[in-house]
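Numbers here are sequence positions counted from 1.
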Amino acid sequence: MSFPHPLLESRTLGRLRVHAIQAGGQQLDGGAMVGVVPKTLWSRRLPADDKNRIPMGMRCLLIEHDDGLVLLDTGLGNKETAKFHEIYGIENAGGEGRTALEDGIRAAGFAPDDIAVVINTHLHFDHAGGNTWRAPTGEVLPTFPNARYVVQAGERAYAEHPNERTAASYFPPNWAPIVAAGRFEFIAGAREIVSGISVRPTPGHTPYHQSVVVQSGGETLCFLGDVVPTAHHLPLPWIMGYDVEPLVTLESKRTLLAEALREDGMLGCVHDAPAGVGRVVHDGKA
């Protein structure tokens with residue numbers, strides 16, 4: 001797999017400048033990524049390698065806001081082993097022992113210390129792993145030391161009490177050092193985080209998954225998280241096998257996509273390797 005490109009895509013949304021940063025690539029099992037959809041259907045759109053894996057991105061959004069820089073999701077980080085990288089087909093190395101996310105932030109003209117707010121859609125390792133980083137000393141530290149981090153309180157509780165199926169996705173070093181530093185804010189339900197940037201519950205992938213809605217100058221962009229991980233997941237039945245409540249995901253998708261279609265809002269996909277931001281249309285069937 002080659003690293004998904006480009007590293008940085010920038011656009012204007014109303015008064016805001018928004019940067020889509022490709023924080024790395026990964027390869028996951030194609031069947032797991034589309035659940036009950038037969039391979040004869042999904043392989044036409046998503047060719048798999050000899051291990052049945054499909055290429056995916058790990059996209060984050062960096063928003064220039066009057067209240068400071070806001071970062072949506074943080075990718076994988078630099079803490080995992082070479083074996084872990086091999087299993088999940090991870091390619092996210094950046095400069096100076098850090099990751100592509102930090103490279104992308106610098107390419108946008110900023111530094112990790114400049115980030116004011118980090119919003120995690122949920123705490124899975126490929127969305128919150130970059131919350132912290134492993135220093136050369138081995139110590140795990142907040143990647144963005146001046147930021148407040150935000151996630152649903154229910155997601156934290158769910159992450160800290162995993163079962164046999166969910167434990168492989170939740171790693172406490174991705175949030176525990178931030179909690180210890182008093183920089184993690186745990187919220188309940190829909191909430192405006194800063195003016196024009198709000199979160200809304202979109203459960204299904206996890207029970208307390210949230211998406212982030214960015215509004216400015218009459219324009220709207222919804223950063224979907226894993227409720228619609230790629231553009232290929234726009235059809236309602238295309239739901240990941242990783243989702244713990246797939247029928248709940250179905251209803252979250254139904255509501256989100258209907259709103260996006262009605263309001264002509266933009267959607268941001270985390271895991272689509274080539275397609276970062278776009279608009280949904282109805283083709284007469286779906």
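If you check the side chains of D73 and T121, you find a donor sitting under 3.5 Å from an acceptor. Counted by atom type alone, H19 and S10 present one or more donor-acceptor pairs between their side chains at under 3.5 Å.
Atoms CZ and CD1, on R45 and I54 in that order, are 12.0 Å from each other to the nearest 0.5 Å. In this structure, R59 CZ and C269 SG are separated by 7.5 Å, a value rounded to the nearest 0.5 Å. To the nearest 0.5 Å, atoms CZ (R134) and CD (E139) are separated by 10.5 Å. In this structure, CG on L13 lies 6.0 Å from OG on S216, to the nearest 0.5 angstrom. Interatomic distance, T132 OG1 to F171 CZ, rounded to the nearest 0.5 Å: 11.5 Å. Remark: L256 CG to C222 SG distance equals 5.0 Å, nearest 0.5 Å.
Between H127 and H122, the ring planes are tilted. Angles from 30° to 60° get that label.
A salt bridge between R254 and E251 is present, with a side-chain N of the basic residue lying under 4.0 Å from a carboxylate O of the acidic one. For the pair D264 and R279, the salt-bridge criterion is met [side-chain N within less than 4.0 Å of a carboxylate O]. A salt bridge links E160 and R156; the closest N-O separation between the charged side-chain nitrogens and carboxylate oxygens is under 4.0 Å.
N174 places no side-chain N or O within 3.5 Å of a backbone atom of F125 that could act as its donor or acceptor partner. A donor-acceptor distance shorter than 3.5 angstrom exists from the side chain of S211 to the backbone of L224, with no hydrogens or angles considered. The main-chain N or O of T40 is found under 3.5 Å from a side-chain atom of R44 such that the two form a donor-acceptor pair. In this structure, S43 contributes its side chain and L46 its backbone to no donor-acceptor pair below 3.5 Å. The closest donor-acceptor contact from the side chain of T255 to the backbone of S252 lies at 3.5 Å or more, if one exists at all. Judged by distance alone, the side chain of Q27 and the main-chain N or O of M56 form no donor-acceptor pair under 3.5 Å. In this structure, the side chain of K253 engages the main chain of W238 through a donor-acceptor pair within 3.5 Å. In this structure, the side chain of E259 does not engage the main chain of E263 through any donor-acceptor pair within 3.5 Å. No donor-acceptor pair closer than 3.5 Å links the side chain of N92 to the backbone N or O of G25. A donor-acceptor pair under 3.5 Å links the side-chain atoms of D49 to the main chain of N52, judged by distance alone.
Hydrophobic clustering of Ile, Leu, Val, Met, Phe, Trp and Tyr side chains at less than 4.5 Å, counting indirect connections, unites V118 with I178. By the criterion of side-chain heavy atoms lying less than 4.5 angstrom apart, applied directly or through intervening Ile, Leu, Val, Met, Phe, Trp or Tyr residues, V280 is grouped together with I239 in one hydrophobic cluster. Following chains of ILVMFWY side-chain contacts shorter than 4.5 Å, one can reach V34 starting from M240, so the two form part of one hydrophobic cluster. Both V212 and I187 belong to a common hydrophobic cluster when Ile, Leu, Val, Met, Phe, Trp and Tyr are linked at side-chain heavy-atom distances under 4.5 angstrom. Transitive grouping of hydrophobic side chains (ILVMFWY, heavy atoms separated by less than 4.5 Å) keeps V277 and L234 in distinct clusters.
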### Task
Show the numbers, then the answer: is there a side chain to side chain donor-acceptor pair (under 3.5 Å) between Q26 and H271?
CA-CA 9 Å; Q26 61 180 326; H271 289 305; 3.3 Å; yes
### Task
Might you work through the side chain to side chain contact (heavy atoms under 4.5 Å, CB included) test for L61 and I21, ending with a clear yes or no?
CA-CA 6 Å; L61 287 190; I21 299 173; over 6 Å; no
### Message
Walk me through whether V214 and T220 qualify under side chain to side chain contact (heavy atoms under 4.5 Å, CB included).
### Response
CA-CA 6 Å; V214 184; T220 300; over 6 Å; no
### Query
Taking it one step at a time, do Y242 and T166 satisfy side chain to side chain contact (heavy atoms under 4.5 Å, CB included)?
CA-CA 9 Å; Y242 299 110; T166 61; over 6 Å; no
### Message
Test ring pair (Phe, Tyr, Trp, His ring centres under 6.0 Å) on H124 and Y170; report intermediate values, then the result.
### Response
CA-CA 5 Å; H124 282 177; Y170 288 119; 4.8 Å; yes
### Query
Under the side chain to side chain contact (heavy atoms under 4.5 Å, CB included) criterion, do V199 and Q152 qualify, and how do the steps go?
CA-CA 9 Å; V199 298; Q152 291 288 319; 4.0 Å; yes
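Residues L267 and L257 are in side-chain contact: their nearest non-hydrogen atoms beyond the backbone lie under 4.5 Å apart. Between N131 and F144, every side-chain heavy-atom pair lies at or beyond the 4.5 Å cut-off. Residues T99 and L76 are not in side-chain contact: their nearest non-hydrogen atoms beyond the backbone lie 4.5 Å or more apart. The shortest side-chain heavy-atom distance between H209 and V227 falls under the 4.5 Å cut-off. Contact of the H232 side chain with the M33 side chain is not registered, since no non-hydrogen atoms from C-beta on lie closer than 4.5 Å. At a threshold of 4.5 Å between non-hydrogen side-chain atoms, the residues K79 and P173 count as touching. With contacts defined as side-chain heavy-atom distances shorter than 4.5 Å, the pair Q210/R200 does not qualify. Taking the side chain as every heavy atom from C-beta outward, W133 and R98 approach each other to under 4.5 Å.
Across all non-hydrogen atoms, the minimal contact from Y158 to V244 is OH-CG1, 3.6 Å. Scanning all heavy atoms of the two residues, the minimum distance from E219 to T12 falls at OE2-O, 4.4 Å. Residue T249 comes nearest to D243 through the heavy atom pair OG1-OD2, 2.8 Å, listed as atom of the first residue, atom of the second, then distance. Scanning all heavy atoms of the two residues, the minimum distance from V117 to A147 falls at N-CB, 4.1 Å. Closest of all the heavy-atom pairs between R106 and P112 is NH2-CD, 3.9 Å. Contact record, L123 with A159: CD1-CB, 4.0 Å, taken as the closest heavy-atom pair.
The environment of CZ in F184 is crowded: more than 12 heavy-atom neighbours from other residues, nucleotides or ligands sit within 6.0 Å. Taking a 6.0 Å sphere around NE2 of H161, one finds it holds 12 or fewer heavy atoms contributed by other residues, nucleotides or ligands. No more than 12 heavy atoms of other residues, nucleotides or ligands sit less than 6.0 Å from atom CD of E96.
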In a table with atom names and distances, give each donor-acceptor pair under 3.5 Å that connects a side chain of residues 65-72 to protein atoms at least two apart or in another chain.
from: H65; atom 1: ND1; to: D67; atom 2: N; distance (Å): 2.9
from: H65; atom 1: NE2; to: S195; atom 2: O; distance (Å): 2.6
from: D66; atom 1: OD2; to: R15; atom 2: NH2; distance (Å): 3.3

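Among residue pairs with one or both ends in residues 141-150, those qualifying as side-chain hydrogen bond (donor to acceptor under 3.5 Å, both in side chains) are R148-E185; sequence neighbours excluded.
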